[in-house]
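Some notes on the structure that comes next.
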Amino acid sequence: MMQHSDTPPAGAGSLQGDSLSRAYSGVQALQDVSIEIPRGRVTGLIGANGAGKSTLVNILTGYDSPDSGRVIADDSDLTGVRPERRARRGVARTFQHGHLFSRCTVLENVEVTAIACGAAPKQARAIAQGLIEELQLGDWMLHDADRLPHGVERRLGVARALATRPSYVLLDEPAAGLNDGEAAQLRESMRDVAARNVGVLLIDHNMPLIFSSCDYIYVLGAGKNVLDGSPDQVRHDERLASSYLGSAAQQISEGPLA
Ligand SMILES: Nc1ncnc2c1ncn2[C@@H]1O[C@H](COP(=O)(O)OP(=O)(O)OP(=O)(O)O)[C@@H](O)[C@H]1O
């Protein structure tokens with residue numbers, strides 16, 4: 001595997017998946033997959049539908065267990081540590097669907113998450129208000145979470161993940177359903193988060209967003225590492241297109257997101 005071209009200094013830390021494999025009855029979802037998510041960087045994870053991206057995120061965050069391989073954060077072995085404890089140790093995520101407190105407001109969703117991760121009530125309110133501003137959720141702050149437009153729901157998912165004050169945040173398709181303007185805002189938020197020395201993993205099918213946001217990109221295909229490198233290296237590697245089938249390949253270098 002290639003080394004990160006601009007790897008942070010030693011001691012800055014990273015979340016690593018090391019030779020991870022996972023089979024479901026008859027399906028080898030991951031086979032010997034490795035990934036490194038350094039602090040202070042936005043790392044991309046792409047691949048066709050069914051390539052194993054969500055399985056990898058589930059394993060990195062403790063929602064699934066690997067058949068073999070290890071998950072390591074800042075040199076400490078997290079394999080087998082439950083999701084709640086992993087979140088307290090700095091590993092946070094968003095989900096593709098739901099997982100919000102549907103009967104609470106947007107503000108309460110973020111606040112309660114901060115409290116669950118150890119913030120005092122006043123501090124939680126300040127954290128929530130800051131994230132609501134950062135993710136441009138102010139107009140929705142007092143709306144119930146079960147009646148939000150799709151793009152707002154995605155941004156709330158990101159705000160909740162950040163409310164845990166993570167060292168690493170794994171975003172599973174945060175831009176699905178966002179328009180170009182919202183996706184560009186999300187990119188700025190991710191860059192701001194990474195600038196605070198957080199390791200960001202971005203999984204998305206929005207290729208313009210991936211190629212304009214990420215410092216380093218991993219490509220999965222059929223449960224295996226296909227390719228990894230800088231956006232330029234990945235974009236020009238023929239293994240990228242061949243790992244995609246059908247229309248998804250056309251998205252790779254297109255798109256208006258500047
Ligand atoms: N709980 C499960 N039981 C059985 N098979 C599963 C399970 N979860 C995932 N798989 C299979 O594992 C493979 C990888 O799925 P995964 O959801 O990780 O892919 P993905 O890259 O996230 O896809 P997408 O882009 O569509 O979200 C697929 O063949 C999928 O059908």
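Below, each value reflects all heavy atoms present in this structure, side chains not excepted, and no hydrogens, waters or symmetry copies. Read the numbers this way: they start at 1 and go in the same order the structure lists the ligands and their atoms. What you see is a predicted model; the values in this text were computed from it and never measured.
Residue Ala29 places no N or O, backbone or side chain, under 3.5 Å from any N or O of ligand 1. Ligand 1 has no N or O atom lying under 3.5 Å from any N or O atom of Val27, backbone or side chain. The shortest N/O to N/O separation between Ala51 and ligand 1 falls below 3.5 Å.
Checking Ser76 against Arg89 by side-chain atom types alone, a donor-acceptor pair falls below 3.5 Å. In this structure, a donor-acceptor pair under 3.5 Å is absent between the side chains of Ser213 and Arg187. Inspection of the Tyr216 and Asp228 side chains reveals an N or O donor paired with an N or O acceptor under 3.5 Å. Side-chain contact, Ser230 with Asp232: no donor N or O sits under 3.5 Å from an acceptor N or O.
Closest protein heavy atom to atom 26 (O) of ligand 1: Asn49 OD1, 3.2 Å. The shortest contact between atom 27 (O) of ligand 1 and any protein heavy atom is with Gln96 NE2, 3.4 Å. Given atom 4 (C) of ligand 1, the protein heavy atom at minimum distance is Tyr24 CB, 3.3 Å. Protein heavy atom nearest atom 25 (O) of ligand 1, with residue, atom name and distance: Lys53 NZ, 2.7 Å. For atom 19 (O) of ligand 1, the nearest non-hydrogen atom of the protein is Gly52 N, 3.2 Å. Counting protein heavy atoms only, atom 23 (O) of ligand 1 is closest to Gly50 N, 2.8 Å. Among protein heavy atoms, the minimum distance from atom 18 (O) of ligand 1 is reached at Thr55 OG1, 2.6 Å.
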Could you give the side-chain donor-acceptor pairs of residues 45-54 under 3.5 Å, partners two or more places apart or in another chain?
residue, atom, partner, partner atom, Å
Asn49, OD1, His205, NE2, 3.3
Lys53, NZ, Gly47, O, 2.8
Lys53, NZ, Ala48, O, 3.1
Ser54, OG, Gln96, NE2, 3.1
Ser54, OG, Asp172, OD2, 3.2

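Taking every heavy atom of Ala48 and a limit of under 4.0 angstrom, the matching atoms of ligand 1 come to 21 (O). Taking every heavy atom of His205 and a limit of under 4.0 angstrom, the matching atoms of ligand 1 come to 25 (O). Atom numbering of ligand 1 starts at 1 in the shown order; those under 4.0 Å from a heavy atom of Ser54 are 17 (O), 18 (O), 20 (P), 22 (O), 27 (O).
Separation of atoms CG (Asp32) and OG (Ser19) is listed at 4.5 Å; rounding is to 0.5 Å.
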*Carefully, step by step, assess Arg165 and Gln123 under the rule side-chain contact (heavy atoms from CB on, under 4.5 Å).*
CA-CA 12 Å; Arg165 288 173 293 168; Gln123 191 186 15; 3.2 Å; yes

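For the pair Ile59/Val33, no side-chain contact is recorded, criterion being any heavy-atom separation below 4.5 Å from C-beta on. A heavy-atom distance below 4.5 Å is not found between the side chains of Val219 and Arg239.
Remark: of the listed residues Asp74, Thr61, Thr43, Asp74 is the sole one forming a side chain to side chain donor-acceptor pair (under 3.5 Å) with Tyr168.
Protein heavy atoms all stay at least 4.0 Å away from atom 30 (C) of ligand 1.
Within the structure, the closest approach of Gly47 to ligand 1 does not fall below 4.0 Å when heavy atoms are considered.
Contact annotation for Ser25 and ligand 1: no heavy atom of the residue comes within less than 4.0 Å of the ligand.
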